[in-house]
Amino acid sequence: KYVVAGTEHPCASCKINEFKNKLKFIPWSTFIIDLQIPKDEIYNKIEKHNGRKNIERSIKRNVEVEEINEKSLFDYYELYVEMQKQAGKPNDYKTFDTLLNWWKLFRPIGYSGFLAKRNNIPVGGLLFSFFNGHIIEGGVVRSEIDRELKLYSQDYIKWKIIEWGIENKKHYYNFAGFNPDPQSEKESGILKYKKKWGGKQYDY
């Protein structure tokens, strides 16, 4: 009669056997970085050519990354609207006020994000929640300028979030999941991209 969908926490030890005859389970996985180990060790675990080099390229190409505030949130929103338009997808926020109200509600209890700019022009962004020492990313936005000039802003943003997590004594960075049995080229690309950061794989 009803459909209910959700995921368990990747670090949870959950007794699911009693539900196996009643629910359909789809295997899912994520990569998690332990932020409690030394920063140099975390950095060195990132793939050299597809990860560390991209961070260095982004810095050399004058990309700057800053934590989002209420004022710069509008820059993030404009990037999101343009990205959805380019992809032929709807604007799920509808208006900036919807996103702003969400931000005001969740920011005090564990919500933030980073915005990348080049020559003061926004080129990428990423939001994340942090609860109980556990960072989980979501809300990627990327400009066409970032793609065309190969600015690698998303790689630099992720590294800045990792640094932020270490400085703020968070425990884990969760890359928000992937299909361990990719069914498309896109899913294979997501798996490859998230794997390069050197996190430990958790299946759930």
Side-chain angles (χ1 to χ4, degrees), residues 30-84 86-87 99 103 107 110-130 133-178 186 189-200:
T30 193
F31 291 108
I32 293 180
I33 293 175
D34 184 351
L35 300 177
Q36 298 164 101
I37 64 177
K39 185 166 80 169
D40 289 347
E41 189 176 333
I42 294 173
Y43 191 74
N44 288 331
K45 284 185 176 182
I46 301 170
E47 284 185 17
K48 182 177 180 180
H49 296 290
N50 291 332
R52 282 179 278 161
K53 285 287 186 183
N54 287 352
I55 295 168
E56 292 165 10
R57 290 181 184 113
S58 190
I59 294 169
K60 287 178 181 177
R61 289 165 193 177
N62 299 317
V63 175
E64 297 179 338
V65 175
E66 61 186 39
E67 191 169 359
I68 294 174
N69 54 38
E70 282 191 21
K71 184 178 179 182
S72 60
L73 185 64
F74 186 71
D75 292 328
Y76 172 92
Y77 175 77
E78 287 191 316
L79 278 176
Y80 168 80
V81 171
E82 183 60 29
M83 186 181 74
Q84 294 297 93
Q86 292 288 337
L99 176 59
W103 180 267
R107 182 72 182 93
Y111 204 72
S112 191
F114 278 83
L115 188 71
K117 293 182 178 181
R118 183 175 183 268
N119 298 330
N120 212 34
I121 297 172
V123 295
L126 182 60
L127 302 180
F128 62 92
S129 63
F130 55 96
H134 192 100
I135 295 171
I136 185 165
E137 64 179 26
V140 174
V141 294
R142 189 182 181 198
S143 70
E144 285 301 310
I145 293 173
D146 187 76
R147 294 180 200 278
E148 291 168 4
L149 301 182
K150 296 183 179 179
L151 300 178
Y152 303 105
S153 69
Q154 286 300 322
D155 293 59
Y156 191 19
I157 289 171
K158 278 181 172 58
W159 177 245
K160 295 299 282 188
I161 296 174
I162 290 169
E163 287 188 319
W164 179 93
I166 294 169
E167 291 166 9
N168 288 276
K169 303 192 183 307
K170 305 306 175 189
H171 298 159
Y172 302 103
Y173 185 114
N174 186 334
F175 279 77
F178 64 90
K186 179 180 178 180
I190 290 171
L191 168 55
K192 183 179 179 181
Y193 181 81
K194 295 187 177 187
K195 185 178 182 180
K196 76 179 185 180
W197 292 88
K200 180 180 177 182

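Count residues from 1 along the sequence. A quick note: this is a predicted structure, and the numbers were derived from the prediction, not measured.
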Side chain to side chain donor-acceptor pair (under 3.5 Å) partners of [X], counting only residues at least two apart:
X: Ser143; result: none
X: Gln36; result: Asp34
X: Arg52; result: none
X: Glu137; result: Tyr173

Who pairs with Tyr156 by ring pair (Phe, Tyr, Trp, His ring centres under 6.0 Å), at least two apart in sequence or on another chain?
none
Please round to the nearest 0.5 Å and tell me the distance separating atom [atom1] of [X] and atom [atom2] of [Y].
X: Leu35; Y: Trp164; atom1: CG; atom2: CH2; result: 10.0 Å
X: Ile161; Y: Phe130; atom1: CD1; atom2: CZ; result: 11.0 Å
X: Ile59; Y: Trp159; atom1: CD1; atom2: CH2; result: 10.0 Å
X: Lys150; Y: Ser58; atom1: NZ; atom2: OG; result: 14.0 Å
X: Leu151; Y: Ile145; atom1: CG; atom2: CD1; result: 8.0 Å

Please find the pair of heavy atoms, one from [X] and one from [Y], that lie closest to each other, and give the distance.
X: Lys53; Y: His49; value: CB-O, 3.4 Å
X: Ile37; Y: Lys45; value: CD1-NZ, 4.0 Å
X: Val65; Y: Ala116; value: CG2-CB, 4.0 Å
X: Gly51; Y: Ile46; value: CA-CG2, 3.6 Å

Could you pull out all donor-acceptor pairs under 3.5 Å where a side-chain atom in residues 118-126 meets a protein atom, sequence neighbours excluded?
from, atom 1, to, atom 2, distance (Å)
Arg118, NE, Arg61, O, 2.9

Does Glu67 have any salt bridge (charged side-chain N to carboxylate O under 4.0 Å, His left out) partners at least two apart in sequence or in another chain, and if so, which?
Arg107
For Glu144, give me all partners under salt bridge (charged side-chain N to carboxylate O under 4.0 Å, His left out), at least two apart in sequence or on another chain.
Arg147
Do [X] and [Y] have side-chain heavy atoms sitting under 4.5 Å apart?
X: Tyr152; Y: Asn50; result: no
X: Tyr43; Y: Ile55; result: yes
X: Ile32; Y: His134; result: yes
X: Ile166; Y: Ile42; result: yes
X: Trp197; Y: Phe175; result: yes

Is Lys117 atom NZ crowded by more than 12 heavy atoms from other residues, nucleotides or ligands, each under 6.0 Å away?
yes
[X]: partners by side-chain contact (heavy atoms from CB on, under 4.5 Å), with sequence neighbours left out:
X: Lys200; answer: Tyr202
X: Ile190; answer: Phe178, Lys186, Lys194
X: Ser72; answer: Glu66, Ile68, Asn69, Asp75, Leu115
X: Phe74; answer: Tyr77, Glu78, Phe96

Sole candidate of Lys170, Lys158, Lys39 that passes salt bridge (Lys or Arg N to Asp or Glu O under 4.0 Å) when paired with Glu163:
Lys39
Identify the residue among Arg142, Lys160, Arg57, Lys196 that makes a salt bridge (Lys or Arg N to Asp or Glu O under 4.0 Å) with Asp155.
Lys196
According to the interplanar angle, ranging from 0 to 90°, do the rings of Trp103 and Tyr111 count as parallel (below 30°), tilted (30 to 60°) or perpendicular (above 60°)?
perpendicular
Treating Tyr76 as the side-chain partner and Gly113 as the backbone partner, does any N or O pair qualify as donor plus acceptor under 3.5 Å?
no
